[in-house]
Each structure stands twice: as C-alpha cells, then as structure tokens.
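Each remark here refers to the structure printed beneath this line.
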Amino acid sequence: MKKIVSLICFVSSIYSCAIAQNPAEKYARTITEESTKKHLSVLASVDLEGRGTGQKGGRLATEYIANEFMKLGLTPPVEGKYFQPVSLLKNSYQVKSFKIAGRPFLHGQDLLALGNNELKTIDDNEIIFVGYGIDDPKYSDIKGLDLKDKVVFLINDKEPVDEKGNSIITGTTKLSEWSTVRNKKVKEILKHKPKLVLAYTEDLGKWLESAGDRATDGRFNLAQDQVAPETNPMPIVVNITDHVANYILNLGKSSLANVITKINRTQKPQSFAIKSTFNAQMGMVTEQFSDPNVLGYLAGSDLKDEIIVIGGHYDHDGKSSNGTIFPGADDNASGTTAVLELAKAFSQAKAEGNGPRRSIVFITYAAEEKGLLGSKYYTENPVFPLENTVTCINIDMIGRIDDKHLNGNHNYIHSIGADKLSSELSAINKEANEKSSQLELDFMYDDPKDPMKLYYRSDHYNFASKGIPSIFYFSGLHPHYHTPEDTIDKIDFPVMVKREKFIFQTAWDVANRDTKPAVDSKKD
C-alpha cells in the first residue's frame, strides 16, 4: 500500500509540475464534451431555426450568446450592451404575381426572374414563341419577326440537330456557339428590345429545388454601403422550367417535345404567336433591417490596451419559406460554441488571478453567410481601435471530419492564414499545437493555387485586410455543407474538443507573450 501511495504522489507531482510549466493546460480542462454539446444543442436546435439573417432564429441566437457572456462576467463593451447593431439592406428581385392565361406561377419554384427595374406591372395578350431563338446565316428562328415590346419565349438550351445528331448550323456533332456561349441566344433576342424574355432552361427545375430560398434571396449589403440604383434598367429575363414552358405551348396546341421534333425533322424554324393573357408584377425591392454582432470583453492586465479578437459567425441559412430548417450544426454553431468555451476558460483564469496580459474581445458575427458583413461592419466601425488589435482568431466549422481525412487521421485541423502576415504568429500556432492537442496541422488551404481561396472567404479576412495577423481554424468541407443535413448528430465531439483546446492554447500564448506578433510578411 505504501508503494502505491508513493507512486500516486509521484505521478501527482509530475502532473503539478506540468501544469506549472504550462498553466493554460489547467484552464483548457474547463473545455469539455459536456459543455460543448450543451451549447451546440441549443444553437443547432429546431427552436433557433437555423439562425437565419433577419429571422427569428438569428435573434434568439444572439440573446443566448449575450446571456452566456453575462454569466461569464464579460463586460458588455458597446455602450453597456453586448450588441453592436449591424444595419443591413437586402436587395432582391421579387415577383409579386406572375400569371399566364390566368394561371399563377411561383418565383423560385416555377421560374427565376432577373432584372434591375423598379417594381412594375407587365401586361400583354400574346406570347411570341421563337423556337431556339437563334439568328444565324445558316438558320434563323427570328428572321422577319417584329419582337419590339413583345413577350418573347425561347428554348435556351441546345440547338437544332438532324436525324444523325449533327448540328444544322455546324454540320457536325460539334454544337455551335449558340449552344456553347452562355446566354448568347438571350443577348441576341434582347437586341430586338422585347418587353420581356421567357427562357426555358432544361435543368432549372432541379436547380431551384436544391437551392431553395437561396435562389431568390437577393443581395445583402451594409446599409452604409448602399449605392444609387442603376440608371439603365436591365431588360427583364424570366428563366422558366419545363412545367411552365409546356403550359405555354399547350395553349398553342403544342409541346416542347413536339416543336423540338418538328424543328429537327424539317430543319426549319417553328416560330408562332400564342394568344394568351400575360400579367406579372415584378421588380427590385429593398428591405432594411438590423442584426447585431455580439461582443464580450475581458480586460487584460499589464498589456490591456492591446486587443486579441476571438470570433466566429453565428448565422446560417435559417428557415426557408417552405418550412425547411438548415440547422448549421457545423456551420457555424460549432465555431460559436468554441468562442463560448474559450471565453469560459479565460474567464475562469482571470477569476483565479491568472487572467491574460492582453485584453480579449469575444465576437460572434452577424451575416457572414451574406458576404462577411458582420465582421466587415466591425472592422469599419471598431469598438476598440484596430491599431491596438494584435491578432484575430477566427473559428468557422470545427466539428466534422472532411472528405480528405474521412478514411485517415481524424485528429487534424486546417490552419489557414497564420503565416500570411506574421511568421511569428505561424510559429506560435505550431508551438501551441505541440504543447496541447498535437493535432495534424493541415495547411493545404494556404497554397496560393488552392482553387477554394478559403483564406478570403471567412470573417478573419476583414481583419487581415487591415493588416492584422489572423488565423482561420476549419475542419473542412463535407457533403452536408449548407444542407438541412448539417445536424448535431454528425458532430465529432471528442475531436472538436481537442481542436478547441488547441485554439485556446494558441490564444493563451498570444495573450501572454511579451511582444505582439510582428507583421513581417505579406503572402497572397
């Protein structure tokens, strides 16, 4: 028994020595699977409805995060509040109504309308079908037709071919530029100044089904970046599905299959007018609203004027108009959870008299999915001077195993951008990993030739573009990215916690070193 007690004391002594050499290890132990799962279960829950920008679920997420910051004793730094309001504008092309022969069709389901005109009503009593819409010396669907101020309908895919599959225009199986050059047919029709173009596109139905509300979601901007509307309205082009195309042609006693067969068989155009009422109200609509960044401040000690930003975006794709929820468990409930877990670890360290030398601002950003808008707003309207901000740590998707590592080492993390501005930050990053989780650091996305260009596609980049050394932590892409299947049951919590502890160690080392990471390089 005495030998066992002595052995226990010896092991305990070694452990205490290790903690003394690396005090971050003590506080890293507050980051657990239990607490990580607790936060993620809330953030990715049905109640928060995918945390959509401008949606109820997004607002609920901000309230949850602010409440957690308050529990941890973080200071509310925005005039005594945790919220930094971000004024946003949504510019979208909306179709208020779209009827052919009195039958309504839905934007985003049956059709996709494009333009930049103000909201207006369009009426007509006929639709001019122009086949493939080709105007070529060897074959023309529109020769001799007056299309000015008409509603024109064309087949925007492919071109006429003979019974052997040879193009009527090229005389070979190789299709002409009328098929291979994107939107060449529509551009040619627009030269004739039609009132509106209906363009049938074969795969549109499947694409709209997979895209959901993203197909018609429009463009988001910061309100401060709003630009004057264009003075030259773009002609309205409405891409339609085969469902709509066949409905129109049935009014003219035909169908897509029939007209295509007839054109190919006769090698002659089959353009004709379809007598039918057409009525639509459509145009650009601007909506203004506000979603906040959520900030919590932890004051440092002797270097408190120097700031470290630890952040990740809380928003995702939200709830679609048909009720589908995109939970975003990995993207980015995982990163938001990590921000809360790191905040807890640093708060406990400070409560025990071991707080960071530098101050830390914990931020969860709004509207990342809409163009990095929350982080852009912060860097253009900083709560703390950017010249005092020494490092940005960005955590965006750290809960999954990507396709690259699925059949290999799961104990990895993608580290992006650490060496872009600072060789010292890069070294700190690698040393922190050796002291903590000892993950495989994958730098594949730092390759300038990487086609994904991920360094430019998350919130840290708004800081890096201001010359602030930044790291982006990421576990990689997977098949459920931006789908309703990005759910909590697919999160690898043991690996996620290892990643959180490593990120905490990196932040700890930056927060407590004598000098801030020097800006000594600039790599694209």
Side-chain angles (χ1 to χ4, degrees), residues 11-12 14-16 18-45 48 61 64-74 294 296 298 308 310-312 314 327-356 360 362-364 393-401 409-413 432-440 473-475 486-509 511-512:
V11 171
S12 176
I14 292 175
Y15 180 75
S16 299
I19 290 291
Q21 291 176 348
N22 182 20
E25 185 178 335
K26 173 183 177 181
Y27 301 106
R29 286 190 286 122
T30 68
I31 301 171
T32 66
E33 288 185 39
E34 181 182 8
S35 55
T36 292
K37 185 175 288 188
K38 171 182 171 292
H39 290 310
L40 225 160
S41 296
V42 173
L43 292 166
S45 68
L48 266 62
Y64 177 80
I65 296 161
N67 189 51
E68 293 301 311
F69 282 170
M70 182 177 66
K71 289 179 184 177
L72 294 173
L74 299 182
V294 189
L298 187 73
I308 298 167
I310 299 175
Y314 65 81
D330 191 30
D331 186 13
N332 186 35
S334 66
T336 305
T337 292
V339 173
L340 294 174
E341 287 289 274
L342 267 67
K344 176 181 64 177
F346 274 109
S347 295
Q348 181 163 327
K350 182 172 181 178
E352 295 180 1
N354 296 309
I360 302 176
F362 299 94
I363 309 180
T364 58
I393 293 174
N394 178 40
I395 313 169
D396 190 352
M397 297 174 59
I398 62 162
R400 294 284 297 272
I401 308 301
N409 180 21
H410 289 194
N411 292 305
Y412 75 93
I413 192 166
N433 183 49
E434 290 301 315
K435 287 189 287 187
S436 57
S437 299
Q438 298 183 355
L439 301 168
E440 172 198 338
Y473 292 110
F474 179 58
S475 59
D486 182 8
T487 49
I488 190 170
D489 57 295
K490 301 179 183 71
I491 298 294
D492 189 325
F493 283 100
V495 173
M496 180 174 165
V497 168
K498 288 181 182 180
R499 292 165 178 160
E500 290 175 312
K501 290 181 177 182
F502 156 52
I503 298 168
F504 172 72
Q505 181 71 60
T506 302
W508 179 277
D509 290 350
N512 291 294

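On a predicted model such as this, the values are computed, not experimentally measured, just so you know.
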Measuring from atom [atom1] of [X] to atom [atom2] of [Y], what distance do you get when rounded to the nearest 0.5 angstrom?
X      : Y      : atom1 : atom2 : result
Ile503 : Asn394 : CD1   : CG    : 9.5 Å
Glu341 : Ile31  : CD    : CD1   : 6.0 Å
Tyr473 : Ile413 : OH    : CD1   : 7.0 Å
Asp330 : Met397 : CG    : CE    : 4.5 Å
Lys38  : Thr32  : NZ    : OG1   : 10.5 Å
Ile393 : Ile310 : CD1   : CD1   : 5.0 Å

Atom of [X], atom of [Y] and distance for their closest heavy-atom approach:
X      : Y      : value
Pro23  : Trp508 : CG-CZ2, 4.0 Å
Ser437 : Lys501 : OG-CB, 4.0 Å
Leu340 : Phe69  : CD2-CE2, 3.6 Å
Phe362 : Leu74  : CD1-CD1, 3.9 Å
Leu43  : Ala61  : CD2-CB, 4.5 Å
Tyr27  : Glu352 : OH-OE1, 2.9 Å

Backbone of [Y] reached by a side-chain donor or acceptor of [X] within 3.5 Å:
X      : Y      : result
Thr36  : Glu33  : no
Asn332 : Ile395 : yes
Asp486 : Asp331 : yes
Asn354 : Ala349 : no
Ser475 : Ile401 : no
Thr506 : Phe502 : yes

### Task
Assess whether side chain to side chain contact (heavy atoms under 4.5 Å, CB included) is satisfied between Phe493 and Ile488, documenting all intermediate values.
CA-CA 10 Å; Phe493 283 100; Ile488 190 170; 3.9 Å; yes
### Message
Determine whether the aromatic ring centres of residues Tyr64 and Tyr314 are separated by less than 6.0 angstrom.
### Response
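No, they do not, as the ring centres are separated by 6.0 Å or more.
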### Stepwise side chain to side chain contact (heavy atoms under 4.5 Å, CB included) check, Thr337 with Glu500
CA-CA 9 Å; Thr337 292; Glu500 290 175 312; 4.0 Å; yes
### Task
Determine, stepwise, if the pair Met496 / Asp492 fulfils side chain to side chain contact (heavy atoms under 4.5 Å, CB included).
CA-CA 6 Å; Met496 180 174 165; Asp492 189 325; 5.9 Å; no
### Message
Would Arg499 pass as a cation-pi partner of Phe504, given that its NZ or CZ must be under 6.0 Å from the six-membered ring centre and within 45 degrees of the axis?
### Response
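Pair Arg499/Phe504 does not count as cation-pi.
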### Task
Carefully, step by step, assess Asn411 and Val495 under the rule side chain to side chain contact (heavy atoms under 4.5 Å, CB included).
CA-CA 6 Å; Asn411 292 305; Val495 173; 4.0 Å; yes
#### Entry: Polar side chain donor-acceptor pair, Thr487 to Lys490, under 3.5 angstrom
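A donor-acceptor contact under 3.5 Å links the two side chains.
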